[in-house]
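Because the structure is a prediction, the values reported are computed rather than measured. In each ligand, atom 1 is the first atom listed, and ligand 1 is the first ligand listed.
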Amino acid sequence: MTLHYDLHCHSTYSDGLLAPAELVQRAGVRGVDVLALTDHDETSGLAEARSAAMDAGVRFIDGSELSVSWRDITLHVVALGIDPDCAALSEGLETIRHGRTLRAERMGEGLAAAGIPGAYDGAMQFVTSARLISRTHFARFLVDTGRARDTRDVFRRYLVRGKPGYVPHQWATLSQAIGWIHTAGGQAVLAHPGRYEVDGKMRELLSEFKDTGGDAIEVLSPSHTPAQYTEFARYARVFGMMASSGSDFHGPGESWADLGDMPALPAGLTPVWKDW
Ligand code: AMP
Ligand code: MN
Ligand code: MN
Ligand code: MN
């Protein structure tokens with residue numbers, strides 16, 4: 001029997017809308033056999049998810065999605081199979097989360113200068129874990145106050161490079177992030193590579209990711225078109241990296257895909273779960 005994997009999703013411990021236990025239950029109902037919870041820069045939802053997974057008959061993988069700066073681009077690196085108690089990883093994630101708070105204050109200032117006062121406090125109303133604030137929380141506030149139609153519209157108008165709520169930020173370096181993941185016994189997966197605006201430098205990015213110790217590419221992601229499934233499957237083969245798959249689910253009504261929605265991996269790839 002082929003197992004059904006979903007190795008990328010978010011709970012209320014970062015910018016998802018469901019608590020870890022609800023997420024795991026939903027995954028079980030939707031036919032996911034193996035689930036990783038990958039909250040942004042955070043591992044504190046993992047214990048709750050793991051105990052819910054026992055009841056739901058879902059095999060659970062401890063994960064996180066780390067924010068990384070590579071040149072002037074923000075990358076996301078999904079960590080799979082980490083030890084959540086690893087000190088190097090926890091300290092690294094804590095530093096990243098602190099950076100998020102500083103960035104959020106500056107985002108509030110940028111939006112105030114553009115005629116939207118109170119956005120930091122407003123975003124805080126949408127935060128579901130005192131430890132983590134993200135652009136998504138600003139997006140929910142801006143939609144709620146009628147500044148935009150939905151979260152996609154709000155990102156386009158306010159929260160991406162060149163817009164008033166965008167603040168350039170230095171996250172962890174690629175080698176720090178991969179180092180912490182490996183120290184914690186996990187695998188490092190380049191999340192949704194099709195989303196990065198690398199201007200023809202995808203090969204450079206992938207070879208640097210691989211040289212830094214990167215283990216896998218997230219080939220299947222709702223951020224990718226079917227043509228990109230094929231493109232990143234080819235990159236995974238060419239660079240000798242494993243392949244991963246995840247829905248990047250954030251919550252009902254707010255996501256491109258639901259839990260377990262990704263198709264089977266294209267042929268000829270080594271799945272990141274090969275030795276699990
Ligand atoms: P941050 O890590 O705080 O910069 O926020 C990134 C998060 O914002 C992503 O994980 C998504 O959840 C969300 N996001 C980014 N771009 C978009 C978009 N265009 N539409 C909706 N959500 C987005
Ligand atoms: Mn997110
Ligand atoms: Mn991401
Ligand atoms: Mn994600």
Side-chain angles (χ1 to χ4, degrees), residues 6-18 23 35-43 45 61 63-70 72-80 93 96-108 110-111 119-120 123-124 126-129 131-143 147-163 165-172 177 188-197 217-218 220-224 244-259 261-262:
D6 190 334
L7 303 178
H8 187 158
C9 67
H10 299 271
S11 78
T12 46
Y13 282 84
S14 64
D15 58 353
L17 294 171
L18 302 183
L23 204 58
L35 179 76
L37 173 60
T38 56
D39 277 314
H40 296 284
D41 309 314
E42 179 60 285
T43 55
I61 304 296
S64 183
E65 182 176 19
L66 279 66
S67 307
V68 165
S69 293
W70 180 72
D72 64 341
I73 296 172
T74 297
L75 304 178
H76 286 171
V77 177
V78 163
L80 297 175
L93 296 183
I96 303 180
R97 291 195 303 270
H98 178 63
R100 284 186 167 278
T101 300
L102 302 178
R103 179 187 67 152
E105 288 163 4
R106 295 186 55 208
M107 287 174 64
L111 289 165
Y120 177 80
M124 288 300 285
F126 287 85
V127 158
T128 47
S129 158
R131 289 159 57 108
L132 193 125
I133 184 160
S134 98
R135 280 186 294 164
T136 309
H137 302 113
F138 281 85
R140 291 182 186 141
F141 164 72
L142 292 167
V143 171
R147 303 283 180 176
R149 204 173 47 237
D150 55 29
T151 45
R152 270 163 239 190
D153 188 37
V154 89
F155 268 87
R156 194 172 51 76
R157 290 168 57 186
Y158 295 106
L159 300 178
V160 296
R161 202 191 294 259
K163 302 298 175 174
Y166 183 81
V167 173
H169 187 71
Q170 276 301 123
W171 303 100
V189 183
L190 185 64
H192 45 62
R195 236 163 72 179
Y196 309 131
E197 289 170 15
I217 299 177
E218 191 176 67
L220 299 186
S221 161
S223 298
H224 293 168
S244 190
S245 174
S247 64
D248 207 355
F249 179 70
H250 282 71
E254 219 188 77
S255 285
W256 288 270
D258 208 319
L259 293 166
D261 268 352
M262 293 295 99

Are Y158 and R135 close enough that some pair of their side-chain heavy atoms sits under 4.5 Å apart? no

Any protein N, O or S atom under 2.8 Å from the Mn ion (ligand 3)? Found E65 OE2, H76 ND1, H192 NE2

Check E218 against V189 and note the closest heavy-atom contact, atom names and distance. N-CG1, 3.6 Å

From T74 OG1 over to Q170 CD, what is the distance, rounded to the nearest 0.5 angstrom? 8.5 Å

Can you tell if the side chain of V160 reaches within under 4.5 Å of the side chain of R156, non-hydrogen atoms only? no

Testing D248, L259, D258 for side chain to side chain contact (heavy atoms under 4.5 Å, CB included) with C9, which one passes? L259

Test item: D72 and E197 side chains (from C-beta on) under 4.5 Å apart, heavy atoms: no

Looking at the Mn ion (ligand 4), which N/O/S atom of H10 is the nearest one? NE2

Do H224 and H192 have ring centres separated by under 6.0 Å? no

Measuring only between side-chain heavy atoms, which start at C-beta, is P168 closer than 4.5 Å to R103? no

Please examine the side chains of Y196 and L190, heavy atoms only from C-beta on, and report whether any two atoms are closer than 4.5 Å. yes

With a 4.5 Å cut-off on side-chain heavy atoms, are R147 and R157 touching? no

Give the protein residues with at least one non-hydrogen atom closer than 4.0 Å to an atom of ligand 1, ordered by chain and number. D15, H40, R100, R103, S134, R135, T136, R152, F155, H250, W256

